Amino acid sequence: EGDATQALTLLEGNESPLELWDARREVEAALICLASEKATPADHKAVLDILTQMARAVELEQDSTYLELNYRFHILLIVPANNTILKRIAEDLFQKTHQIL
């Protein structure tokens with residue numbers, strides 16, 4: 001019941017899940033473009049490390065671990081963009097879509 005209540009709370013502002021995903025996709029794409037220009041070898045390694053952890057979680061059928069790693073993966077993708085405004089918007093969208101999942 002708690003999860004259903006959280007999902008309903010997210011949608012109280014008449015936000016449709018599809019609109020949230022569309023907004024997230026667009027903001028994330030802009031941030032990834034910026035990040036790809038600025039990413040360092042350390043950024044690349046962090047992304048590869050978390051992808052390895054995600055693959056392991058899938059192998060072990062650890063759904064909740066996978067979802068948490070997936071959230072962290074998307075945050076890691078946008079960090080190198082170094083744009084605090086877009087990052088704040090993206091984090092809010094990530095959080096909302098993560099809660100819906």
Side-chain angles (χ1 to χ4, degrees):
E1 183 174 311
D3 292 337
T5 303
Q6 280 183 331
L8 290 173
T9 301
L10 290 172
L11 299 176
E12 281 180 351
N14 294 327
E15 296 171 331
S16 101
L18 292 176
E19 288 177 337
L20 283 171
W21 284 105
D22 286 346
R24 176 182 167 164
R25 184 185 62 238
E26 295 302 319
V27 170
E28 190 173 25
L31 280 163
I32 289 172
C33 285
L34 286 171
S36 68
E37 297 169 2
K38 300 177 182 182
T40 66
D43 295 323
H44 293 170
K45 183 181 179 331
V47 168
L48 289 175
D49 288 348
I50 206 159
L51 285 172
T52 300
Q53 293 174 45
M54 289 170 70
R56 183 75 174 141
V58 169
E59 287 174 15
L60 298 174
E61 298 181 11
Q62 298 172 330
D63 297 339
S64 60
T65 300
Y66 174 83
L67 287 174
E68 183 57 36
L69 290 167
N70 182 58
Y71 177 78
R72 289 179 34 212
F73 167 76
H74 284 89
I75 295 296
L76 276 177
L77 287 180
I78 64 172
V79 168
N82 201 25
N83 184 308
T84 56
I85 295 168
L86 285 174
K87 184 177 178 233
R88 197 171 331 131
I89 293 167
E91 286 173 342
D92 181 54
L93 290 168
F94 292 170
Q95 204 166 39
K96 286 181 179 182
T97 54
H98 182 71
Q99 287 175 346
I100 289 172
L101 290 176

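Note that the structure is predicted; figures quoted are calculated from it, not measured.
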Straight-line distance of [X] [atom1] to [Y] [atom2], nearest 0.5 Å:
| X | Y | atom1 | atom2 | answer |
| --- | --- | --- | --- | --- |
| Phe73 | Gln53 | CZ | CD | 12.0 Å |
| Thr84 | Asn82 | OG1 | CG | 8.0 Å |
| Asp63 | Asn70 | CG | CG | 12.0 Å |
| Glu91 | Leu31 | CD | CG | 9.5 Å |
| Lys96 | Trp21 | NZ | CH2 | 13.5 Å |
| Leu34 | Asn83 | CG | CG | 6.0 Å |

Heavy atoms from other residues, nucleotides or ligands near CD of Glu59 exceed 12 (cutoff 6.0 Å): yes
Arg25 vs Glu28, salt bridge (Lys or Arg N to Asp or Glu O under 4.0 Å): CA-CA, chis, key distance, verdict: CA-CA 5 Å; Arg25 184 185 62 238; Glu28 190 173 25; over 6 Å; no
For Lys87 against Val79, the heavy-atom pair lying closest together: CE-CG2, 4.3 Å
Over all atoms of both residues, closest heavy-atom pair of His74 and Phe94: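 Answer, listing the atom of His74 first, then Phe94: O-CE1, 3.7 Å.
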Basic-acidic side-chain contact under 4.0 Å: Asp92, Arg88: no
Path from Val27 to Ile85 over hydrophobic side-chain contacts below 4.5 Å: yes
Min side-chain heavy-atom separation Val47-Asp43 under 4.5 Å: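 Not in contact.
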Beyond-backbone contact of Lys45 with Asp49, side-chain heavy atoms, under 4.5 angstrom: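 Yes - at least one pair of side-chain heavy atoms lies under 4.5 Å apart.
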